[in-house]
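Quick caveat: nothing in here was measured; it's all calculated off a predicted structure. Keep in mind that the numbers below use all heavy atoms, side chains included, and drop hydrogens, waters and symmetry copies.
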Amino acid sequence: MKRGNRPELLWGLGLNKVEAVKIKNSLGPGFFLRNFSESSLPGDKEMVQSEKPSAAWIPLRVWSGLPENRKNAYRELESTQKILIQDDDNPMDLENVLEEGFLTVVSSPLTSSKVKDALFRAKEVSGLYGDIYRMTEQIMLEREILSRKTEQLTFLNTLLANATESLEPAEILGRAEKDMGMILPILSLQAVFWNKIPSSEKLEAEIFLKPGMSEDVRSQWLNLMLENSSVPGESVTDSYELNCTRPVEENRRFVEGPAEGRVLVLPLASRGEKFGSLVMLCDKSVRLAKDQVSTINSAVSHLSLALHNALMFRRISTRADHDGLTRVYNRRSFDERLVEELKRHQRHNLDLSLLMVDLDHFKNINDSYGHLAGDMVLERTARIFEKTLRTTDFIARYGGEEFVLLLPHTKIEQARMLAERVRTKIEETEMDYCGTRFNITASIGVTSMRPGALESEESILEKADKALYNAKNSGRNRVVTENENKGQLHIV
């Protein structure tokens, strides 16, 4: 019962001189007895602040005179083994001794053998209690570890199940924000993905921001996302598309800016190649433990796989409907859309216009600068269409250097103005290929169907093609519009 070189502390609660001397003489050098007189027994404050004794000797005469609340205070000294000293004249039966919280009872008069025997029992019980306490601590620790692992597995299973339920990146991110809240006080979750532009070393980014932002907060997040959308030492971001995540809960609070919390930028990778970043805003007080970091890394690995699959599925779907070079719709998609728009035009008596665009002297570009320069021109021209036309308009590559622009709900006059705007934008745009700068022009044929007119897709294409033919034969770099009322062509 020694604690290093310090003697083991024992208490005497109201021992008389004879009892105290007998116990001290029987203890030996490894123990120290501190005896309290019956009139100055330790109170609550002293029992809380003082060092706890390994054993306490209490005469029955003292114990019997204590009030019940004081007895309870001594009973609650669980680390202290209590030894009762009693006279043979008025003994307490063993059952009551145990009920009162005593380890053992020693009868008067005290002898060395009785004292040593009582201390030996106290030492055995203390050792047993110590072993049980350490075992309990170990069990509690293992239960805590098991509980954390169970929570982590539950979280990862929930995250993975939700992430694989959809092939829409916006929906996956919205669900991930809610799921990550299970382990972090997360305020928002957003993402940026990048992809190399065909025929270029530059990147195009797709940024998903949380809806409900003010303009100032949106600008802050946009700048941060663009900073994290380039590949160090490789390509830089040239353009970006802005989208919103799809929140799981509609009633969301105001979205905070990056400075309002702690920003975690987590790389998204597939097969060792980075394709984006997950950006989380957490409470400023967040301090991540080692197991939390491990769990977050596992979660990001799951999300990387789900998001990469969603992006690949969308790209494959896009390739089936889009031209691989210009990334606008292909001819098959245009043919299908034209049939749909003609049906809608005839059913609802709506205006419908069509522009057919051909790049002038395109063969000369390929011959002079190479086919890669021609690819660059086609891609830049497609971007001009996207920036000039409305979101409801339909852009397709018709073949070679020809494009078709389908304009629902558009009268012939509006289509003519839009065609002239497109022609001017193409003419004014300076092309740059490997340091060589040049300009191109385009010829545009315009046709339109008025409400109530019945035409087939072949006839409207034939009229647009005829208008385009006349534009090229009239000197190129111009817009020619068919005048349906007079059966003539109008040249702009």
Side-chain angles (χ1 to χ4, degrees), residues 197-200 202 204 238-239 241 322-331 333-334 353-408 410 412-448 461 463-482 489-492:
I197 299 174
S199 70
S200 173
K202 295 182 178 180
E204 58 181 359
D238 179 65
S239 60
E241 178 183 345
H322 289 66
D323 174 58
L325 174 64
T326 61
R327 291 170 290 146
V328 297
Y329 286 98
N330 55 27
R331 179 159 182 174
S333 299
F334 169 75
S353 295
L354 178 68
L355 310 185
M356 188 169 284
V357 183
D358 185 88
L359 301 183
D360 299 327
H361 303 297
F362 185 76
K363 184 176 183 299
N364 292 342
I365 297 173
N366 287 330
D367 293 342
S368 301
Y369 308 112
H371 287 278
L372 290 180
D375 290 346
M376 181 272 295
V377 168
L378 292 172
E379 194 272 333
R380 289 286 303 276
T381 303
R383 303 291 79 77
I384 292 173
F385 293 148
E386 290 177 341
K387 292 178 180 178
T388 308
L389 272 61
R390 304 164 300 187
T391 56
T392 54
D393 298 329
F394 190 87
I395 308 167
R397 185 181 178 190
Y398 199 61
E401 66 272 21
E402 283 190 351
F403 294 86
V404 283
L405 314 177
L406 193 57
L407 314 176
T410 306
I412 187 68
E413 296 83 5
Q414 297 169 325
R416 183 188 303 123
M417 293 174 59
L418 184 58
E420 180 58 28
R421 191 182 308 151
V422 168
R423 186 200 65 78
T424 303
K425 286 280 185 69
I426 293 174
E427 183 181 23
E428 293 176 349
T429 299
E430 187 178 57
M431 301 292 172
D432 184 352
Y433 179 71
C434 296
T436 301
R437 301 177 184 275
F438 57 91
N439 290 80
I440 63 169
T441 60
S443 300
I444 305 176
V446 183
T447 187
S448 182
L461 284 171
K463 290 196 298 181
D465 187 60
K466 186 177 180 181
L468 175 62
Y469 177 81
N470 283 278
K472 298 183 78 67
N473 280 349
S474 301
R476 292 185 171 86
N477 190 24
R478 64 191 61 210
V479 175
V480 172
T481 305
E482 181 182 8
L489 296 174
H490 177 75
I491 300 176
V492 179

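Of the inter-residue distances, the one linking Leu406 atom CG with Thr392 atom OG1 reads 10.0 Å to the nearest 0.5 angstrom. Residue Leu354 holds its CG atom at 10.0 Å from CG of Asp465, rounded to the nearest 0.5 Å. Atom CG of Asp323 is separated from atom CD of Glu379 by 10.5 Å, given to the nearest 0.5 angstrom. In this structure, the separation between OG1 on Thr481 and CE on Met417 is 12.0 Å, given to the nearest 0.5 Å. Atoms CE and CG, from Met356 and Leu461 in turn, are 5.0 Å apart once rounded to the nearest 0.5 Å. The distance from the CG atom of Leu359 to the CG atom of Asn477 is 11.0 Å, given to the nearest 0.5 Å.
Val480 approaches Ala467 most closely through the heavy-atom pair CB-O, 3.4 Å. The minimum heavy-atom distance linking Thr429 with Asn439 is given by the pair O-ND2, 3.2 Å. The heavy-atom pair separating Ala382 from Val328 by the smallest distance is CB-CG1, 3.8 Å. Of all heavy-atom pairs between Pro408 and Asp393, the closest is CD-OD1, 3.8 Å. Nearest heavy atoms, Thr447 versus Ile412: C-CD1, 4.1 Å. Heavy atoms only, all atoms of each residue included: Ile444 and Ala419 are closest at CD1-O, 3.3 Å.
Residues satisfying the salt bridge (charged side-chain N to carboxylate O under 4.0 Å, His left out) test with Arg437, not counting sequence neighbours, are Glu430, Asp432. Considering only residues two or more places apart in sequence or on other chains, Arg421 meets the side chain to side chain contact (heavy atoms under 4.5 Å, CB included) condition with Thr388, Leu418.
Using cut-offs of 30° and 60° on the angle between ring planes, the pair Tyr329 and Phe394 is parallel.
A 4.5 Å side-chain heavy-atom check between Met431 and Met376 finds at least one atom pair inside the cut-off. Between Thr326 and Phe403 there is a side-chain heavy-atom pair separated by less than 4.5 Å. Between Leu407 and Gln414 there is no side-chain heavy-atom pair separated by less than 4.5 Å. Side-chain contact check for Val422 versus Leu389: some heavy-atom pair is nearer than 4.5 Å. Side-chain contact between Asp358 and Tyr398: absent, with no pair of heavy atoms (C-beta onward) separated by less than 4.5 Å. Side-chain contact check for Thr381 versus Ile440: some heavy-atom pair is nearer than 4.5 Å.
Between Lys363 and Glu401, none of the side-chain N atoms (NZ, or NE/NH1/NH2) sits under 4.0 Å from a carboxylate O, so this pair counts as no salt bridge. The pair Glu386-Arg327 does not count as a salt bridge, with every side-chain nitrogen at least 4.0 angstrom from each carboxylate oxygen. Ion pairing between Glu420 and Arg416 fails under the 4.0 Å rule for side-chain N and carboxylate O.
Under the ring-ring contact (aromatic ring centres under 6.0 Å, His included) criterion, the residue pairs touching residues 357-380 are Tyr369-Phe438, with sequence neighbours excluded.
Side-chain atoms of Ser474 do not come within 3.5 Å of backbone N or O of Lys472 as any donor-acceptor pair. Judged by distance alone, the side chain of Thr410 and the main-chain N or O of Ala415 form no donor-acceptor pair under 3.5 Å.
Using a 3.5 Å distance cut-off with no hydrogens or angles, the side chains of Asp360 and Ser443 do pair a donor with an acceptor.
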